[in-house]
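Reading through the structure tokens given below for one structure.
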Amino acid sequence: MVLTERVKVKALLESGQAGSLVVAMGWVRTRRGNKNVSFIALNDGSTINNIQVVADNANYPEELLKGITTGSCIGVKGLLVESPGSGQRVEIQAQELELFGTADPETYPLQKKGHSMEFLREIAHLRPRTNTFGAVLRIRHAMAFAIHKYFNDKGFTYLHTPIITASDAEGAGAMFRVTTLDVNNLPRTEEGKINWSEDFFGKEANLTVSGQLEGELGAMALSEIYTFGPTFRAENSNTPRHLAEFWMIEPEMAFYDIVANMDLAEDFLKYLIRYALENCKDDLEFLNKMYDNELLERLLFVVNNSFERLEYTKAVEILEKSGQKFEFPVFWGADLQSEHERYLVEKHFKKPVILTNYPKEIKAFYMKQNDDGKTVRAMDVLFPKIGEIIGGSQREEIYQKLINRINELGIPEKDVWWYLDTRKFGTAPHSGFGLGFERLLLFVTGMTNIRDVIPFPRTPNNCEF
RNA sequence: UCCUCAUUAGCUCAGUUGGUUAGAGCACCUGACUGUUAAUCAGGGGGUCCUAGGUUCAAGUCCUAGAUGAGGAGCCA
């Protein structure tokens with residue numbers, strides 16, 4: 001069988017050109033049949049749907065047929081014909097069968113029955129072969145592509161911010177250290193401290209927790225940029241919404257105020273969800289059927305309704321008047337807890353909410369200070385079930401205000417001198433936000449654990465595969 | 001990291017107030033069936049009851065510690 005003759009299953013199912021001789025290759029999902037005939041459900045990952053291969057057993061050696069079990073890999077050459085059976089429009093009447101790789105049914109872990117997500121996480125090297133992960137990974141790809149398309153079409157420049165950074169001022173959480181020093185024999189200074197000047201970069205280095213600060217440098221030249229890359233947080237977070245290694249999209253725009261920032265965030269999210277609805281129909285329908293009957297409805301609702309925009313102060317008032325009993329008290333100045341956010345999104349407004357103008361004490365140093373002296377122009381986009389999907393702000397562009405805040409917080413100027421330079425030379429009003437890619441995927445796929453929307457999740461105590 | 005719950009066959013789970021030889025469905029193997037759709041039907045094999053201690057005449061079941069997993073919380077995207 002000639003490999004280059006292969007046609008993808010998706011194309012075969014869509015072609016409807018019955019009568020032509022075709023070659024298909026893929027992994028066997030099930031084989032049924034009797035003494036005379038075998039029905040093989042074949043999948044190559046190009047679509048969630050399988051193509052049915054029909055083989056007359058008499059035409060093939062018993063050894064070959066015996067090897068065609070769930071999980072094995074085969075090639076088939078045959079006639080694409082209209083299927084007499086119900087359940088599929090076309091099927092392949094096999095003329096040649098080639099067994100590329102067997103999968104011993106006694107030891108192959110995947111069965112044709114459904115498996116728990118927990119079990120599949122333990123065999124993450126094989127789970128892409130399941131319907132669920134095939135669907136999730138195709139949707140993940142579609143969303144990554146749509147993100148680039150959206151920004152490209154809008155004239156944004158894709159900026160590659162560094163993954164290794166020596167700046168510890170991002171303040172977004174604990175970092176993973178990057179070093180080439182021998183950890184069993186660390187060089188010491190005369191005071192007995194570790195001598196980082198002997199390390200690879202001549203100073204302490206870590207994996208990035210955010211590309212934002214460098215993103216701002218790009219925006220101060222290219223006007224509109226975005227980053228899309230891996231991000232690392234060494235927090236000991238054990239939840240269905242956190243990963244130690246995740247992907248983040250961070251647009252940063254000169255000449256955008258907080259309102260333009262919100263407009264972009266809302267338009268962006270709606271574009272992505274609409275893109276999924278239009279381009280991942282089969283996969284979404286599968287997920288809707290198998291996991292979450294309200295998934296499609298929820299996606300359509302978000303696309304068709306405007307997000308609620310609300311100031312932090314108003315949110316606190318609503319929560320105080322709600323009569324709800326919360327575990328954590330609500331008062332002006334308190335950081336909103338999950339239960340508060342969930343009440344606003346899922347009970348009060350029943351739609352996505354954008355909260356703005358938070359107290360400056362609970363937000364990062366770089367956020368634009370309001371004239372009231374108390375709040376900053378932060379914005380959090382809150383989604384049902386997911387919580388915070390986007391965090392962003394207008395940035396403080398006035399040098400003196402920014403440096404005052406840095407000093408208040410005790411951030412060493414020498415670490416961020418290059419960041420401060422943007423405010424010194426040709427500063428501009430600007431804004432940006434960060435979208436957690438896997439959190440977006442949680443929402444779009446209806447999966448409930450973030451470890452199930454990334455191929456190989458990294459979490460505390462888990463770095464397998 | 002804290003709180004709660006769980007861990008029994010390859011997978012998903014049942015297992016009564018502690019009491020004989022630990023069960024089911026699916027998967028797997030064998031056989032039957034001329035077109036099946038998570039095929040069906042009959043039969044068969046398969047167990048470190050998470051680990052280590054302890055209580056007891058007797059522990060899958062009770063107690064202690066640990067490991068692993070899940071949910072909630074915190075941190076955040």
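Labels below follow one simple rule: chain letters A, B, ... track the order of the sequence lines, proteins then strands, and each chain is numbered from 1. Heavy-atom basis, side chains included; hydrogens, waters and symmetry copies ignored.
- Between the side chain of A/E235 and the base of B/U1 there is no donor-acceptor pair of N/O atoms closer than 3.5 Å.
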Checklist entry - Do A/F246 and A/F437 pass the ring-ring contact (aromatic ring centres under 6.0 Å, His included) test, and can you show the C-alpha distance, the side-chain angles, and the key distance before you say yes or no? => result CA-CA 7 Å; A/F246 63 99; A/F437 187 48; over 10 Å; no
Checklist entry - Yes or no on side chain to side chain contact (heavy atoms under 4.5 Å, CB included) for A/T165 and A/E214, after CA distance, side-chain angles and deciding distance? => result CA-CA 10 Å; A/T165 173; A/E214 289 91 348; 4.3 Å; yes
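- B/A14 is unpaired under the criterion used here, namely a Watson-Crick or G-U wobble arrangement in which both key atom distances are under 3.5 Å.
- Residue A/F246 and nucleotide B/A77 are classified as a stacked aromatic pair, their ring centres being separated by less than 5.5 Å at an interplanar angle below 30°.
- Side-chain atoms of A/R233 and base atoms of B/A77 include a donor and an acceptor less than 3.5 Å apart.
- Note on A/I390: only backbone sugar-phosphate atoms sit closer than 4.0 angstrom, heavy atoms only; bases stay farther off.
- With hydrogens and angles ignored, the 3.5 Å screen pairs a side-chain donor or acceptor of A/D44 with a backbone N or O of A/S46.
- In the set B/U36, B/G71, B/G35, the nucleotide with an atom closest to the side chain of A/R32 is B/U36.
- Residue A/G33 is in base contact, counting any heavy-atom pair closer than 4.0 Å across all strands shown.
- For B/G18 and B/C63, the P atoms lie 11 Å apart once the distance is rounded to whole Å.
- Map A/V54 and A/Y108 each onto its nearest nucleotide of RNA chain B; the residue landing nearer the 5' end is A/Y108.
- B/G60 is unpaired under the Watson-Crick or G-U wobble criterion, no partner having all donor-acceptor distances under 3.5 Å.
- Phosphate proximity of B/G72 to A/R342: absent, as no side-chain N or O sits under 4.0 Å from OP1 or OP2.
- Within the shown strands, nothing qualifies as a pairing partner of B/A22 under the Watson-Crick or G-U definition with both distances less than 3.5 Å.
- Contact annotation for A/S86: base contact, defined as any heavy-atom pair under 4.0 Å involving a base atom.
- At most 12 non-hydrogen atoms from other residues, nucleotides or ligands lie less than 6.0 angstrom from CD of A/E62.
- With distances taken from any side-chain atom of A/H115 to the nucleotides B/A70, B/C11, B/C76, the minimum falls on B/C11.
- B/U40 and B/G46 have their C1' atoms separated by 24 Å, given to the nearest Å.
- Out of B/C11, B/A77, B/G35, the shortest distance to the side chain of A/E91 is found at B/G35.
- Remark: the backbone N or O of A/A103 is paired with a side-chain donor or acceptor of A/T69 at under 3.5 angstrom.
- Checking B/A32, B/C75, B/U36 against every side-chain atom of A/K35, the shortest atom distance belongs to B/A32.
- Counting any heavy atom pair closer than 4.0 Å across all strands shown, A/E245 reaches no nucleic acid atom.
- Side-chain N/O atoms of A/S338 include one lying less than 4.0 angstrom from OP1 or OP2 on B/G74.
- Under 4.0 angstrom from either OP1 or OP2 of B/G74 there lies at least one side-chain N or O belonging to A/Q337.
- Within a 6.0 Å sphere centred on NZ of A/K270, heavy atoms belonging to other residues, nucleotides or ligands number more than 12.
- Among the heavy atoms of the strands, none lies under 4.0 Å from A/E122.
- Using a 4.0 Å cutoff on non-hydrogen atoms, the parts of residues 375-389 of chain A near RNA chain B are A/E388, A/I389, ordered by number.
- Nucleotide B/U36 has no partner under the Watson-Crick or G-U criteria, as no pair reaches both atom distances under 3.5 Å.
- Residue A/N449 is in sugar-phosphate contact alone, with no base atom involved, counting any heavy-atom pair closer than 4.0 Å across all strands shown.
- Between the side chains of A/N370 and A/N357, at least one donor-acceptor pair of N or O atoms lies under 3.5 Å.
- Among the heavy atoms of the strands, none lies under 4.0 Å from A/R31.
- Side-chain contact between A/K374 and A/W332: present, with at least one pair of heavy atoms (C-beta onward) separated by less than 4.5 Å.
- Contact annotation for A/R121: backbone-only contact, meaning every heavy-atom pair under 4.0 Å involves sugar-phosphate atoms and none involves a base.
- With a cut-off of 3.5 Å on both Watson-Crick or G-U wobble distances, the partner of B/U68 is given as B/A6.
- Spacing of P atoms, B/C2 relative to B/U20, comes out at 40 Å, to the nearest Å.
- With hydrogens and angles ignored, a donor-acceptor pair under 3.5 angstrom links the side chain of A/S237 to the base of B/C75.
- Checking B/U48 for Watson-Crick or G-U wobble geometry (two distances, each under 3.5 Å) identifies no partner in any strand.
- Rounding to whole angstrom units, CD1 of residue A/I362 and C1' of B/C76 are separated by 13 Å.
- Taking only distance into account, the side chain of A/N461 never meets the base of B/U68 through a donor-acceptor pair shorter than 3.5 Å.
- Base-pair partner of B/A73: B/U1 (Watson-Crick or G-U wobble, both distances under 3.5 Å).
- In this structure, A/H148 contributes its side chain and A/F145 its backbone to no donor-acceptor pair below 3.5 Å.
- A side-chain contact (heavy atoms from CB on, under 4.5 Å) with A/R127 is found for one member of A/F119, A/F133, A/F456 and no other, namely A/F133.
- A sub-4.0 Å separation between OP1 or OP2 of B/A38 and a side-chain N or O of A/T30 is absent.
- Nearest to the side-chain atoms of A/R451 among the listed nucleotides B/A70, B/A77, B/A73 stands B/A70.
- At B/G35, one or more side-chain N or O atoms of A/N34 fall inside 4.0 Å of OP1 or OP2 (strictly under the cut-off).
- Among the atoms of the strands shown, none is found under 4.0 Å from any heavy atom of A/E327.
- Contacts classified as salt bridge (Lys or Arg N to Asp or Glu O under 4.0 Å) and involving residues 456-465 of chain A (residues at least two apart or in different chains) are not found.
- In the set B/C76, B/A27, B/G35, B/G35 carries the atom at the smallest distance from any side-chain atom of A/Q93.
- With distances taken from any side-chain atom of A/R241 to the nucleotides B/A73, B/U36, B/A77, the minimum falls on B/A73.
- In terms of modelled atom types and a separation under 3.5 Å, the side chain of A/N288 and the main chain of A/L295 share a donor-acceptor contact.
- Ranking B/C75, B/U34, B/C28 by closeness to the A/K112 side chain, first place goes to B/C28.
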Next on the checklist: At under 4.0 Å between heavy atoms, how does the protein contact nucleotides 44-50 of chain B? Give one character per nucleotide, 5' to 3', with B, S or -.
Outcome noted: -------
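- Nucleic acid contact class of A/P105 (heavy atoms, under 4.0 Å, all strands): sugar-phosphate only.
- With a 3.5 Å ceiling on both atom-pair distances, the Watson-Crick or G-U wobble partner of B/G43 is B/C29.
- Under a cut-off of 6.0 angstrom, the local environment of CD in A/E361 is crowded, with over 12 non-hydrogen atoms contributed by other residues, nucleotides or ligands.
- To the nearest whole angstrom, the two C1' atoms, one in B/C62 and one in B/A38, are 41 Å apart.
- Without hydrogens or angle criteria, A/Y158 side chain to A/F228 main chain gives a donor-acceptor distance under 3.5 Å.
- Annotation: B/A22 and B/U48 have their C1' atoms spaced 14 Å apart (nearest Å).
- When rounded to the nearest whole Å, the span between CD1 of A/I123 and C1' of B/U12 equals 14 Å.
- A gap of 11 Å separates the P atoms of B/G47 and B/A9, to the nearest Å.
- Among B/C11, B/U1, B/C76, the nucleotide with an atom closest to any side-chain atom of A/Q111 is B/C11.
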